[in-house]
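Following: one structure in structure tokens, then a few remarks.
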Amino acid sequence: MAFPARFTLYSARELPYNTCPSMIHLRLRGCNRSILRFLKSRPNGTRNISSLSLSSSAAKPYYITTPIFYPNAAPHIGHLYSLVAADVFARYERLRRGSNDVRFLAGTDEHGMKIQKAARVHFGQIGREKEFCDALSERFRDLSEKANISNTCFMRTTSQEHRRTVEDVWRRLDGKGFIYKGKYEGWYSITDECFYTDAQVTTDPSGTQKVSVETGAVVEWTSEENYMFRLSAFRDALRKHYITDHRSVQPSQYREDVLRMLGDDVLEDISISRPRSRLEWGVQVPADPSQTVYVWFDALLIYLTGAGYPDKSFWPADLQVIGKDILRFHAIYLPAILLGLSTPHSYSPASPQVPAPQTPAMPLAHTLLSHAHWTSGQKKMSKSLGNVADPLEVMDEWGVDVVRYYMMRVGGKWRDDADWSTEQLEKHHNEIQSLLGNYFLRITSKALRAIVEKASPDPKECLSAAAQGRHIPPIETPKEEHNWDTNTALLRDVFDLPSKFHACMNNFEAGKALEHIVEVLSQANLVLTTNAPWATPKSDDVAEVKRHANFALGTRVVGLETLRVVAGCLEPFMPDISNKVQEALGVEGGVLRLDAVANRDFSGGERLEEFWARWKGMEVQSIKLFGPRRGNIVKEIVKKRKSA
RNA sequence: GGCGGCGUAGCUCAGCUGGUCAGAGCGGGGAUCUCAUAAGUCCCAGGUCGGAGGUUCGAGUCCUCCCGCCGCCA
């Protein structure tokens with residue numbers, strides 16, 4: 001077990017990682033991909049490592065989270081969407097930092113009534129919830145692996161360490177008076193696991209029972225003792241935070257939604273426990289065996305557990321990707337809890353609003369990225385409508401990267417519900433295949449290479465000439481058939497791409513970032529057609545033939561450079577495709593820092609010059625980047641429609 | 001019921017503080033080159049910018065009302 005780097009056990013328990021059955025945290029310093037590869041090659045892969053952090057700098061690692069999924073339902077497109085969105089930013093951050101200093105949490109939310117009930121139905125006996133969850137949770141781990149999500153840990157709310165987090169947070173809040181015992185009354189729905197107010201229930205058509213207006217679930221009037229959390233005490237502090245911090249919630253419309261939620265008359269305290277008699281599958285309230293911590297309180301704290309709580313070296317989260325349906329929990333409840341943990345004061349009725357501390361022990365997450373949902377046929381996906389797409393199947397059929405591309409290209413604006421359809425998926429498959437895959441083949445074709453062999457300059461000269469608007473050899477009035485201006489224009493846009501790309505990603509505009517990439521690729525295809533470097537020279541004159549060969553080489557090298565930069569930017573979105581291109585171009589390791597992607601002045605970029613040099617006479621292998629083009633699905637659908 | 005948002009070419013949508021704003025992409029139709037294992041390129045959309053009023057020299061762009069969707073809250 002020779003390890004090329006030092007590692008330290010991160011959890012309190014001194015268990016060697018290779019013998020621990022389930023929960024190990026490793027913190028590896030100064031290590032590289034080979035360790036990850038090594039770990040993944042082990043029989044269990046990374047599965048018995050619940051957290052792995054690679055750290056190479058003193059700065060706080062970037063911490064990004066996805067929602068943790070309730071595993072009772074099968075993985076669907078929405079889960080994949082959250083995962084991919086977070087993965088794009090995780091991978092982007094690695095590129096930007098030029099290191100793997102990113103902690104990326106995914107996981108499952110496993111407590112609660114639904115699971116308890118389902119497990120009992122499944123096994124026909126009680127007490128086997130954990131076993132039940134093990135299987136369910138695995139499906140989400142599979143989804144993440146299949147989709148090439150680069151999460152560094154997969155946390156489950158049923159883990160021991162998480163229980164300790166929940167208990168500790170509870171005690172601290174309780175110690176400061178933010179938790180009190182209250183009587184809770186309302187219309188309770190067992191299926192929805194929540195209480196409704198009078199206005200939220202109605203009598204069902206048969207007139208025999210009350211049901212929830214929203215879900216139609218049967219409700220019954222229930223009264224019980226609960227522990228309450230003083231959410232109301234944090235309203236002012238939260239409002240201030242969201243008014244001041246414009247990056248706090250993205251896209252901005254959701255920040256306005258949050259402010260609206262906080263702007264209502266009063267922020268009600270919320271119930272955070274359930275009688276244990278009804279809910280056993282959950283964390284027991286410290287020092288009160290009759291109550292179980294309510295699931296959402298439990299679940300939200302996973303982000304702290306994932307950050308190593310009570311250790312704070314990863315906290316706060318830099319980015320929390322969530323669906324808009326859980327905005328309230330992440331924008332109000334969790335921050336209120338964090339404020340409660342941070343404040344040095346205890347609750348006092350005399351000053352019911354708790355101010356946010358100057359230097360909070362547990363700061364709020366920097367940014368919440370809230371995304372909309374996927375619909376199908378403009379309707380919510382639901383089992384009853386039978387319009388639920390299976391993400392695993394879809395990835396099998398279309399390829400992981402194509403699905404990722406589609407999701408981010410269409411759903412990368414985050415704010416509007418996007419419609420999922422095979423037609424659209426096919427269109428986007430064809431789009432990227434043509435723009436990138438086909439362009440790659442065009443640039444690397446044998447025919448073009450044959451022409452280029454007669455050229456004299458080296459790739460660096462070509463790029464330098466194109467960048468500066470020169471011709472090789474120099475000429476006063478270039479002929480139309482080999483005018484380098486098109487190359488110059490393309491190269492300028494290629495060099496502009498990374499900064500545009502950075503600007504978008506920095507604003508969490510993934511869709512727009514992809515748009516810029518698509519624009520460059522479109523232009524590249526156009527330039528290639530315009531230049532037609534494969535055309536036979538119009539004159540037999542030796543100098544003309546030579547000039548043409550040079551022009552063809554210039555066009556080809558600018559094309560290769562376009563591919564290199566595009567592939568670099570595309571890496572967060574389509575990691576596999578991107579790496580294929582980068583490997584073919586001779587970009588070592590498939591990793592390229594974005595700040596090194598473009599080197600406008602052609603000086604000091606040693607690495608760049610290295611692979612440019614390599615392109616001289618290099619056989620960049622023509623490879624197929626995508627699966628076969630799909631042309632029939634749309635046509636068939638149209639046919640059906642016409643005949644119907 | 002309250003608050004907020006949306007309604008622009010067949011589809012998906014751009015249009016910031018009112019004056020080249022009537023657009024892009026896709027689909028569809030036509031043409032064309034041929035380097036491409038998967039093609040590329042060019043041309044073609046006459047949509048009363050949901051409807052009705054109003055402000056203004058001038059409004060998808062501001063105001064009012066109405067219609068239709070969608071969120072959040074009650």
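Since we're looking at a predicted model, the values are computed, not measured. Letters A, B, ... are given to chains in the order of the sequence lines, protein chains preceding strands, and every chain is numbered from 1.
- For B:G46, there is no paired base (Watson-Crick or G-U wobble, both distances below 3.5 Å).
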If you apply the rule salt bridge (charged side-chain N to carboxylate O under 4.0 Å, His left out), what do you find for A:K324 with A:D417, and how did you get there? CA-CA 10 Å; A:K324 63 179 180 180; A:D417 282 358; 3.0 Å; yes
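- With P as the reference atom, B:G47 and B:G68 are 26 Å apart, rounded to whole Å.
- Between A:W534 atom CH2 and B:G40 atom P the separation is 12 Å, expressed in whole Å.
- When each of B:C35, B:C13, B:G27 is scored by its nearest atom to the side-chain atoms of A:K427, the top-ranked nucleotide is B:G27.
- Taking the C1' atoms as reference points, B:C69 lies 42 Å from B:A31, given to the whole Å.
- Under the Watson-Crick or G-U wobble criterion, with both distances below 3.5 Å, B:G1 is paired with B:C73.
- Ring pair A:W420/A:W374 is perpendicular by interplanar angle, where above 60° counts as perpendicular and below 30° as parallel.
- Using N1 to N3 plus N6-O4 or O6-N4 for Watson-Crick, or N1-O2 and O6-N3 for G-U wobble, each under 3.5 Å, B:U41 pairs with B:A31.
- A:T444 comes within contact range of no nucleotide atom at all, as no heavy-atom separation falls under 4.0 Å.
- At a threshold of 4.0 angstrom between heavy atoms, the contacts of A:R409 with the nucleic acid are absent.
- Using cut-offs of 30° and 60° on the angle between ring planes, the pair A:H371 and A:H373 is perpendicular.
- Using a 4.0 Å heavy-atom distance criterion, A:L526 is classed as a sugar-phosphate-only contact.
- The residue A:I451 sits apart from the nucleic acid: no heavy atom pair falls under 4.0 Å.
- Using atom P as the reference point in both B:C21 and B:U61, the two lie 16 Å apart (nearest Å).
- Close to B:G40, at under 4.0 Å from its OP1 or OP2, lies a side-chain N or O of A:S434.
- With B:C35, B:A14, B:U37 as the candidates, the nucleotide lying closest to the side chain of A:R415 is B:A14.
- By the 30° and 60° cut-offs, the orientation of the rings of A:F626 relative to A:H429 is perpendicular.
- Under the 30°/60° scheme for interplanar angles, the aromatic rings of A:W296 and A:Y333 are found to be tilted.
- A tilted orientation is assigned to the rings of A:F89 and A:W414, their planes being inclined by 30° to 60°.
- Glycosidic torsion of B:G60 falls within 90° of 0, placing the base in syn.
- Across the P atoms, B:U8 and B:A74 are found 31 Å apart, a figure rounded to whole Å.
- In this structure, B:A14 makes no Watson-Crick or G-U wobble pair, since no nucleotide meets both defining distances under 3.5 angstrom.
- B:G51 and B:G40 have their C1' atoms separated by 45 Å, given to the nearest Å.
- Between the CD atom of A:Q523 and the C1' atom of B:U41 there is a distance of 14 Å, given to the nearest Å.
- Among the heavy atoms of the strands lying under 4.0 Å from A:L625 is at least one base atom, whether or not backbone atoms are also near.
- In this structure, A:V410 and A:F440 both approach RNA chain B, and ranking their closest nucleotides by distance from the 5' end singles out A:V410.
- Separation of the P atoms belonging to B:U41 and B:A22 is 28 Å when rounded to the nearest angstrom.
- When both pairing distances are held under 3.5 Å, B:G7 makes a Watson-Crick or G-U pair with B:C67.
- In this model, the phosphate group of B:G71 is not approached by any side-chain N or O of A:R260 to a distance below 4.0 Å at OP1 or OP2.
- Between B:G5 and B:C11, the two C1' atoms lie 22 Å apart (nearest whole Å).
- Between A:I443 and A:E256, the residue whose closest nucleotide on RNA chain B is further toward the 5' end is A:E256.
- When distances are taken from the side chain of A:D416 to each of B:U37, B:C13, B:C35, the shortest belongs to B:C13.
- Taking atom P in both B:G4 and B:C62, one finds a spacing of 15 Å when rounded to whole Å.
- In this structure, B:U55 makes no Watson-Crick or G-U wobble pair, since no nucleotide meets both defining distances under 3.5 angstrom.
- Among the nucleotides B:A38, B:G40, B:C72, the one closest to the side chain of A:F626 is B:A38.
- In terms of modelled atom types and a separation under 3.5 Å, the side chain of A:T66 and the main chain of A:L83 share no donor-acceptor contact.
- Partner assigned to B:A22 is none, using Watson-Crick or G-U wobble distances below 3.5 angstrom.
- Here A:K446 lies out of heavy-atom contact (under 4.0 Å) with every strand.
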